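In what follows, a structure is listed as structure tokens, so that the remarks can point back to it.
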Amino acid sequence: MDSIKGIKGVKDILPEETPRWRLIEDTARRWALCYGYQEIRIPLFELTALFARSIGSATDIVEKEMYTFPDRDGTSLTLRPEGTAGTVRAFIEHNRAADPLPQKYFYIGPMFRHERPQAGRLRQFHQFGVESFGTSDPRADIEVIALLWRLLSDLALPDLTLEINSLGSSEDRAAYKPLLRSFLLQQESRFCENCRRRMDTNPLRVLDCKVPDCRAATESAPRLMDHLSPEARVHFDQVLSGLCALDVPYQLNPRLVRGLDYYCLTSFEITSSHLGAQNAVGAGGRYDGLVETLGGPSVPAVGFAVGLERISLMLQKTSTALRDECLYYVAAFGEAGVKCGLVLLDELRKAGLSAQCDYRSSSLKSHLRQADRSKCRFAILLGDDEVARGTVILRNLESKAQEALPLSGLASLLRARTFSA
RNA sequence: GUGGGUGUAGCUCAGUUGGUUAGAGCGCCGGAUUGUGGAUCCGGAGGUCGCGGGUUCGAAACCCGUCAUCCACCCCA
């Protein structure tokens with residue numbers, strides 16, 4: 001009989017790795033709460049139309065990467081490829097804009113995109129993201145960038161670079177695109193096939209091409225940054241000076257263009273040189289028009305998302321192995337010992353002390369071998385002799401020091417020791 | 001969707017120009033006078049050589065196909 005395998009690009013996170021994942025998730029939650037963001041839990045799937053409208057129907061995500069399927073009545077549903085669309089939908093649906101307080105949310109959970117798996121890229125992957133609604137002030141941009149920077153720094157991820165750019169307003173881009181396009185057309189022969197196609201569909205992306213010849217060809221291209229409206233320019237300058245004031249180091253990258261349609265003004269990305277080809281750890285930007293696009297009021301917004309797998313990959317290299325520890329191993333053997341051991345295990349656990357036992361082991365020797373492997377700090381030896389005396393032997397597995405303790409009331413005695421130390 | 005690499009024990013991998021019972025290390029289970037773990041020594045379990053076809057007296061090895069996986073492109077977190 002053939003065994004059933006997992007789905008391509010959908011990975012199990014095994015017990016060896018979950019402590020690392022909890023560290024990442026706990027750190028993210030802590031920083032988000034510290035900055036006044038509140039957790040929101042949104043569905044894993046939504047109407048397909050939501051993503052098509054928010055992300056942009058001409059983007060790669062919508063065109064070829066979504067897990068889309070018909071509901072039983074035929075309506076098209078899609079597994080969420082990112083978290084912003086659903087968060088904005090919930091924001092509108094529950095009329096949160098009517099609440100006068102700043103609306104700041106974070107989410108954490110799995111996302112789904114049908115891509116070829118690669119280092120740092122899976123079909124089910126995990127993101128932590130924040131969305132700050134209602135504030136057009138550049139300090140909101142600074143805040144989310146600082147939050148992202150502090151979070152990643154706290155995890156001590158190596159060689160991070162924050163790159164930042166301004167995409168201007170949609171009017172700025174509309175005015176800039178013809179300039180760029182005519183520049184590109186003048187030297188069309190220098191570009192790769194991909195870029196020639198992009199000149200029509202999305203000329204901004206040509207700036208982002210990794211082919212060295214293409215990069216060289218766009219070296220002297222007109223810069224969007226030089227064609228910003230005065231308002232956009234001021235906004236951008238204030239973001240940059242704010243980052244300076246907070247000592248968040250950044251690098252201007254005029255080529256930085258995001259792949260989702262809804263971004264405007266501030267756009268940023270944090271990369272690491274330790275990640276292989278997919279070097280972006282997290283990215284985000286401002287999306288002032290999105291709430292309105294999805295049928296809500298005109299509400300400015302800014303946010304980011306980070307890839308948890310990519311953080312995990314880097315953490316694997318830098319930090320020592322984490323593991324979940326168990327305190328006591330109960331080595332119960334012999335006819336009477338086994339009976340008492342069953343009860344003792346339960347009492348320890350009821351007292352909040354982690355305890356385990358290998359029920360297969362029948363000799364003290366094999367128990368101690370298991371205790372050693374389990375990495376418990378103590379073994380409690382309980383054989384027929386101890387039962388007869390009404391005691392147990394508490395053995396420190398590291399120092400090998402042993403002491404006899406009374407069996408009755410043992411759990412509360414150990415509890416008192418554990419929590420007073 | 002495109003390109004390349006890799007599929008042999010639970011894990012990491014050997015396996016000669018095709019040659020007979022397919023190996024090692026680690027891990028696992030047991031033992032070394034029966035109540036004391038890690039070290040050492042000894043023993044044991046565990047493999048449709050990814051799958052299907054072909055070439056051959058003979059295939060883990062060569063050929064074709066297929067699947068899986070990894071890396072890269074595209075693009076993204």
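All chains are named by letter (A, B, ...) in the order of the sequence lines, taking the proteins before the strands, and each is independently numbered beginning at 1. Predicted model only: the values in this text are computed from it and were never measured.
Pairing for B:U33 is absent, with no Watson-Crick or G-U wobble pair whose two atom distances lie under 3.5 Å. Using N1 to N3 plus N6-O4 or O6-N4 for Watson-Crick, or N1-O2 and O6-N3 for G-U wobble, each under 3.5 Å, B:G58 pairs with nothing. Here B:C76 sits opposite no nucleotide as a Watson-Crick or G-U wobble pair (both hydrogen-bonding atom distances under 3.5 Å). Look at B:G25: its Watson-Crick or wobble partner, with both distances under 3.5 angstrom, is B:C11. Shown here, B:G38 forms no base pair; nothing in the strands shown gives a Watson-Crick or G-U wobble contact with both key distances under 3.5 Å. Using the Watson-Crick or G-U wobble rule with both distances under 3.5 Å, B:U69 pairs with B:G5. Pair assignment for B:U20 gives none, since no Watson-Crick or G-U wobble pairing has each distance under 3.5 Å. Base pairing of B:G47: no nucleotide in any strand meets the Watson-Crick or G-U wobble criterion (both distances under 3.5 Å).
For the pair A:Arg373 and B:C29, the criterion of a side-chain N or O lying under 4.0 Å from OP1 or OP2 is met. Within the 4.0 Å cut-off from OP1 or OP2 of B:C74, not a single side-chain nitrogen or oxygen of A:Gln278 is found. Put simply, A:Lys365 has a side-chain N or O that comes within less than 4.0 Å of OP1 or OP2 on B:G37.
With both ends at atom P, the span from B:C70 to B:U8 equals 14 Å, rounded to whole Å. Rounded to whole Å, the separation between the P atoms of B:A14 and B:C29 comes to 28 Å. On the P atoms, B:G44 is 41 Å away from B:G5, given to the nearest whole Å. As rounded to the nearest Å, B:G37 and B:U12 have P atoms that lie 32 Å from one another. Straight-line distance between the C1' atoms of B:U2 and B:C62: roughly 28 Å, to the nearest whole Å. Here, B:G50 and B:A60 have their P atoms 10 Å apart, quoted to the whole Å. Across B:G38 and B:C26, the matching P atoms stand 15 Å from one another, rounded to whole Å. Remark: the separation of the P atoms in B:C28 and B:A39 is 9 Å, to the nearest Å.
Among the atoms of the strands shown, none is found under 4.0 Å from any heavy atom of A:Ile311. Across all strands shown, A:Ala283 has heavy atoms under 4.0 Å from sugar-phosphate atoms exclusively, and none from any base. As judged by a 4.0 angstrom heavy-atom cut-off over every strand, A:Lys11 is placed among residues touching the sugar-phosphate backbone only. A:Lys400 comes within 4.0 angstrom of a base, heavy atoms only. A:Gly120 comes within contact range of at least one nucleobase, with a heavy-atom separation under 4.0 Å. Using a 4.0 Å heavy-atom distance criterion, A:Glu63 is classed as making no nucleic acid contact. Residue contacts shown for A:Ile270 are absent, as no nucleic acid heavy atom lies under 4.0 Å away. Nucleic acid contact for A:Gln402: base, since at least one base atom lies under 4.0 Å from a heavy atom of the residue. Residue contacts for A:Leu381: at a heavy-atom cut-off of 4.0 Å it reaches a base atom on one of the strands shown.
For B:G35, the base is not stacked against the aromatic ring of A:Phe333, per a cut-off of 5.5 Å between centres and 30° between planes.
Regarding A:Leu160, its CG atom lies at a distance of 17 Å from the P atom of B:A77, rounded to whole Å. Distance, A:Ile4 CD1 to B:A68 P: 15 Å, rounded to whole Å. For the pair A:Leu368 CG and B:U34 C1', the interatomic distance rounds to 16 Å; values are reported in whole Å. As rounded to whole Å, 10 Å separates atom P of B:C76 from atom NZ of A:Lys64. Put simply, CG on A:Leu122 is 12 Å from C1' on B:C70, counting in whole angstrom units. Going from atom CD of A:Glu269 over to atom C1' of B:C76 covers 9 Å, rounded to whole Å. The CD-C1' distance, from A:Glu398 to B:U36, rounds to 17 Å in whole Å. B:A77 atom P lies 18 Å from atom NE2 of A:His114, rounded to whole Å.
Considering only side-chain atoms of A:Arg116, the nucleotide from B:G35, B:G37, B:A72 that sits closest is B:A72. For A:Arg360, counting side-chain heavy atoms from C-beta on, the closest listed nucleotide (B:A77, B:G37, B:C29) is B:C29. When each of B:U36, B:C74, B:U69 is scored by its nearest atom to the side-chain atoms of A:Gln118, the top-ranked nucleotide is B:C74.
No close placement of the A:Phe45 and A:Phe112 rings is indicated, their centers lying 6.0 Å or farther apart.
Each of A:Leu308 and A:Gly383 lies near RNA chain B, and the nucleotide nearest A:Gly383 is the one positioned closer to the 5' end.
In this structure, A:Glu403 places its CD atom where more than 12 heavy-atom neighbours from other residues, nucleotides or ligands lie under 6.0 Å away.
Between the side chain of A:Glu115 and the base of B:G1 there is no donor-acceptor pair of N/O atoms closer than 3.5 Å. Under 3.5 Å, the side chain of A:Arg369 and the base of B:G38 form no donor-acceptor pair of N or O atoms. The base of B:C76 lies close enough to the side chain of A:Arg310 for a donor and an acceptor atom to sit less than 3.5 Å apart. Side-chain atoms of A:Arg121 and base atoms of B:A77 include no donor and acceptor less than 3.5 Å apart.
Under the 30°/60° scheme for interplanar angles, the aromatic rings of A:Tyr263 and A:Tyr287 are found to stand perpendicular. Classification of the A:His367-A:Phe333 ring pair by plane angle, with boundaries at 30° and 60°, yields tilted.
For the pair A:Glu219 and A:Arg255, the salt-bridge criterion is met [side-chain N within less than 4.0 Å of a carboxylate O]. Salt bridge present: A:Arg30 and A:Asp154 bring a charged side-chain N and a carboxylate O closer than 4.0 Å. A salt bridge between A:Lys11 and A:Glu309 is absent, with no side-chain N of the basic residue lying under 4.0 Å from a carboxylate O of the acidic one. Between A:Glu386 and A:Arg395 there is no salt bridge, since no side-chain N of the basic residue sits under 4.0 Å from a carboxylate O of the acidic one.
Shown here for A:Tyr67 and A:Arg113, the closest heavy-atom pair between the two residues is CE1-C, 3.8 Å.
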